[in-house]
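In listed order, ligands and their atoms are each counted from 1.
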Amino acid sequence: MPYNITMKKINLANYNKADLIDFFTDLGEKPFRGTQILKWIHQQRVTDFAAMTNLSAALREKLPHSAEIIFPEIVKEQVSQDGTRKFLFQLQDGNQVETVYIPEPDRGTLCVSSQVGCALGCKFCATATLGFTRNLTVAEIVGQLWRLKSKLLITNVVLMGMGEPLLNFDNVVAAMDLMLDDNAYGLSKYRVTLSTSGIVPKMQLLREVSEVSLAVSLHAPNDELRNKIMPVNKKYPLQELMTACKYYFKDPRRMVTFEYVMLAGVNDSKEQARQLVKLLQGVRCKINLLRFNSFPGCNWQSSSEEVLDAFRQILLKAGINTITRKTRGSDIAAACGQLAGEKGKS
Ligand code: SAH
Ligand code: SF4
């Protein structure tokens, strides 16, 4: 059959189950072919159509003319003293993103990137210094999992790598569909967490289309300070954000997790802890206090252990479930907020 070799092939790694079913239906095939190929790609990790033995011979012959299955490649791996691993992925256009794996006795968490860089300019974040280049495709997001699931035990995924996931909404939602799909990665909705800086209208959309867990980067108890350290707050101020969080989960047993990075002398006073308690009144939530992780060119410092503990005690006394998250992988710049790829190296 003559076909145009310059025609761009469709990368089926960009498709969730619904997309694959549409794709096969359009080809005149039965919908179940979509589920079959989903399993081949994501469960068996097969990318060669010829090896997909339950497809008809005719289909196996036909597919490579119009379709392909391509995931990004790992080009570098670093291992921290604490066992945390950082992977550098090379994308087809030469861009790079990082993925972090955090092993713990009872789980293995993969921290996945959603964009090359980030446009939001939070003052304490290394990714912000890169600026924004582009959104990742579905294949590039889920590919971080695809490449690593054969080597590592992955029980949890957090969208807390580079980028603001809700500003790459469609691709992130399709990638999370695959993470939850029993015919793909089969992770529980409690074990896939999207972290956002608080893009309120997209949070409202997300609750309609996905059941994943939600973390919100808060980092300040009032608008004045949050405007300074997270410019996105000028667009979506705290009251709007709190309302979105209050109504986020339809299931009353689920809670939003707030992340709060402890910056010495900036957001860590007892008075600010009390403001935070007031702000969170009526919001069912947990708080993760993060130690600030430094990166080249930044002047902030993490709060001392005493200050951190005093802050935490005020939240606990107010009945807010608060934990201090361990810093992992800081010796290889794999900790929260240190991801800047090779470009961000000093
Ligand atoms: N853009 C999303 C997800 C990626 S950031 C978001 O902002 O939520 C993942 C978490 O690391 C966020 O809570 C972020 O605020 C936090 N973080 C950023 N820079 C940090 C730093 N230098 N030290 C500690 N945590 C940081
Ligand atoms: Fe972007 Fe999140 Fe970093 Fe802010 S903290 S710059 S939103 S990646």
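Contact between G163 and ligand 1 is present, with at least one heavy atom of the residue lying under 4.0 Å from the ligand. Residue contacts with ligand 1 include G161, since one of its heavy atoms falls under 4.0 Å from the ligand. Not a single heavy atom of M230 sits closer than 4.0 Å to an atom of ligand 1.
In the vicinity of C118, heavy-atom distances shorter than 4.0 Å reach the ligand 2 atoms 1 (Fe), 6 (S), 7 (S), 8 (S). Residue S197 has at least one heavy-atom neighbour below 4.0 Å for each of these atoms of ligand 2: 7 (S). For ligand 2, the atoms lying closer than 4.0 Å to a non-hydrogen atom of G163 are 8 (S). Residue contact check: L290 has heavy atoms under 4.0 Å from atoms 25 (N) of ligand 1. Atoms of ligand 1 found under 4.0 Å from any heavy atom of V261 (numbered from 1 in listed order, with element): 23 (N), 24 (C), 25 (N). Taking every non-hydrogen atom of A128 and a distance limit under 4.0 Å, the qualifying atoms of ligand 2 come out as 6 (S). For ligand 2, the atoms sitting less than 4.0 Å from at least one non-hydrogen atom of C122 are 4 (Fe), 5 (S), 6 (S), 7 (S), numbered in the order shown with element in parentheses. For ligand 1, the atoms closer than 4.0 angstrom to any heavy atom of F292 are 21 (C), 22 (N), 23 (N).
Looking only at atom types and distance, the side chain of Q90 has a donor-acceptor partner in the side chain of Q96 under 3.5 Å away. Between the side chains of T243 and E240, no donor N or O sits under 3.5 Å from an acceptor N or O. Remark: the D223 side chain and the N233 side chain contain an N/O donor-acceptor pair separated by less than 3.5 Å. In the model, S213 has a side-chain atom that pairs as donor or acceptor with a side-chain atom of R254 under 3.5 Å.
Among the atoms of C125, no N, O or S atom is found under 2.8 Å from atom 1 (Fe) of ligand 2.
Counting only heavy atoms of the protein, atom 19 (N) of ligand 1 lies nearest to G337 CA, 3.0 Å. In this structure, the protein non-hydrogen atom closest to atom 21 (C) of ligand 1 is C336 O, 3.3 Å. In terms of protein heavy atoms, atom 2 (C) of ligand 1 is closest to S195 O, 3.4 Å.
Under a 3.5 Å cut-off, the side chain of Q115 and the backbone N or O of E164 do form a donor-acceptor pair. No donor-acceptor pair under 3.5 Å is formed between the side chain of E211 and the backbone N or O of F249. Between the side chain of R60 and the backbone N or O of L55, at least one donor-acceptor pair lies under 3.5 Å. Looking at R312, its side chain does come within 3.5 Å of a backbone N or O of T322 through a donor-acceptor pair.
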Handout entry: ring pair (Phe, Tyr, Trp, His ring centres under 6.0 Å) assessment of F32 paired with F24
Key = CA-CA 9 Å; F32 76 87; F24 281 102; 9.4 Å; no
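Which of F258, F124, F295, W300 comes nearest to atom 22 (N) of ligand 1 through a heavy atom is settled by distance: it is F124. In this structure, of M160, H219, E259, R325, the residue bringing a heavy atom nearest to atom 14 (C) of ligand 1 is H219. Looking at S217, S302, A126, it is S217 that brings a heavy atom closest to atom 7 (O) of ligand 1.
Residue contacts with ligand 1 for N293 involve both N, CA, C or O and side-chain atoms from C-beta outward (heavy atoms, distance under 4.0 Å). Of all the heavy atoms of T196, the ones lying under 4.0 Å from any atom of ligand 1 belong exclusively to the backbone.
Between T47 and I41 the shortest side-chain heavy-atom distance does not fall below 4.5 Å. Taking the side chain as every heavy atom from C-beta outward, F71 and V142 approach each other to under 4.5 Å.
How far CG of L136 is from CG of N171: 8.5 Å, rounded to the nearest 0.5 Å.
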